[in-house]
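Quantities reported herein were computed from a predicted structural model and do not represent experimental measurements. Chain identifiers are assigned alphabetically (A, B, ...) following the order of the sequence lines, protein sequences preceding nucleic acid strands; residue numbering begins at 1 within each chain.
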There are 2 protein chains.
Amino acid sequence: MDVDRKDLRILKAIADEETRSPERIAELTDVPLSTVHYRIDSLRERGIIRNDHYDIDMAALGFPITFIVEVIAEHGEGYREDVGDRLLEIDGVTQVYFAAGDTDFIAISQLSDRSMVESLVSEFESMDGVVRTKSTFTISTLRDGHEPLQQYSMETLVDELLDQER
Amino acid sequence: MDVDRKDLRILKAIADEETRSPERIAELTDVPLSTVHYRIDSLRERGIIRNDHYDIDMAALGFPITFIVEVIAEHGEGYREDVGDRLLEIDGVTQVYFAAGDTDFIAISQLSDRSMVESLVSEFESMDGVVRTKSTFTISTLRDGHEPLQQYSMETLVDELLDQER
DNA sequence: AGTGAAAGTTTAGGATC
DNA sequence: GATCCTAAACTTTCACT
């Protein structure tokens, strides 16, 4: 059920080469083509690989601004859940996290221009159950999260995910 | 060069159905199959669709914790650039934004367990040029950013991306 | 936009460990 | 249960209309 070293080699090749081609993965990992197919199927069954899809570059499409809003919600009877649900309904909000500590939610959105930023800010501020918001306007994206496994060394993957070293 | 309504219909179908199959896209959009192929090629050439790849579910793989760190850097001679570069080198840091305002950087990481959180926090704190950090531990992910276009209504897309309404 | 043949990719069957 | 080969089935690309 758990991943093994061969799975990790395949996943790392997928992320590093940004490929979906079993042929290419087979070359890079020295795992035979048909085994690559078998392993990818199995990773999909285990929910580790989701659907295969296209990666849409939001900046290239016309939404170059990443806007991050921290939200402090009222702390009583289901307010937090309500606010969370309403954050999810706002157009352009692509990530929402529920957090521990001073901040209750962090919402990240991809926007087209300043007017879209302004209308988003006013949507957040007029939202029922919201006590305070803190917005961060990003100047540049040093790294987007589109291929997360690239940011782990094989060593970290092995250390963190495999129980028994041998 | 710019996208038109037909491009947006295709992109929205890709995001909503999480599909990569031109046949399925053709069905959903009523655009002929060969035109879907042609349009997807053209979107790729324009950089709007990047590579097609697998979506790796970091939580399912074994990195269920999203950890968000705001970094305030020293404000002199290239300190900011240095800090940015060093943030990018840390294992597990999947998104880094350079921001305007009180916070200079926002780094988002996907981690396996508390011990990985602790070692990341100490890496951040011991980093040269870092004045202060504020960490946010997320309890749950209400939405990850893996299919951003799902979070835009067709109306918003048309309003924000197409110049001339007709 | 559409057609159809060529090229490429994935699935399925069966042998092996 | 995992592996790996081969061949059939399917999908995509490409030259042409």
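Ring geometry for B/His146 against A/His53 counts as tilted: the plane angle lies between 30° and 60°, on a 0 to 90° scale. The aromatic rings of B/Phe63 and A/Tyr152 sit tilted relative to each other, their planes meeting at an angle between 30° and 60°.
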List the steps and the verdict of salt bridge (Lys or Arg N to Asp or Glu O under 4.0 Å) for A/Arg50 and B/Asp144. CA-CA 13 Å; A/Arg50 278 183 283 210; B/Asp144 67 13; 3.3 Å; yes

Tabulate protein N/O versus nucleotide N/O from nucleotides 1-9 of chain C, keeping only pairs under 3.5 Å, one per line.
{"unit_1": "C/dA1", "atom_1": "OP1", "unit_2": "B/Lys6", "atom_2": "NZ", "d": "3.1"}
{"unit_1": "C/dA1", "atom_1": "OP2", "unit_2": "B/Lys6", "atom_2": "NZ", "d": "2.7"}
{"unit_1": "C/dG2", "atom_1": "N7", "unit_2": "B/Ser34", "atom_2": "OG", "d": "3.3"}
{"unit_1": "C/dT9", "atom_1": "OP2", "unit_2": "A/Glu23", "atom_2": "OE1", "d": "3.2"}

Polar pairs (N or O, both sides) under 3.5 Å between protein and nucleotides 15-17 of chain C?
none

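The distance from atom OH of A/Tyr38 to atom P of D/dC5 is 16 Å, rounded to the nearest whole Å. Distance, B/Glu45 CD to D/dT13 P: 12 Å, rounded to whole Å. Spacing between atom CZ of A/Arg44 and atom C1' of C/dT11 amounts to 12 Å, rounded to whole angstrom units. Taking atom CD1 of residue A/Ile40 and atom P of nucleotide D/dA2, one finds them 15 Å apart after rounding to whole Å. When the C1' atom of D/dA2 is taken as reference, atom CG of A/Asp41 falls 13 Å away, rounded to whole Å.
To the nearest 0.5 Å, atom CZ of residue B/Phe98 and atom CG of residue B/Asp104 are 6.0 Å apart.
Listed for the A/Arg9 side chain is a donor-acceptor partner under 3.5 Å among the backbone atoms of A/Thr29. A donor-acceptor pair under 3.5 Å links the side-chain atoms of A/Asp7 to the main chain of A/Asp4, judged by distance alone. A/Arg143 places a side-chain N or O within donor-acceptor distance of the main-chain N or O of B/Leu88, the cut-off being under 3.5 Å.
Salt-bridge check for B/Arg86 with B/Glu89: failed, with every basic side-chain N at 4.0 Å or more from each acidic carboxylate O.
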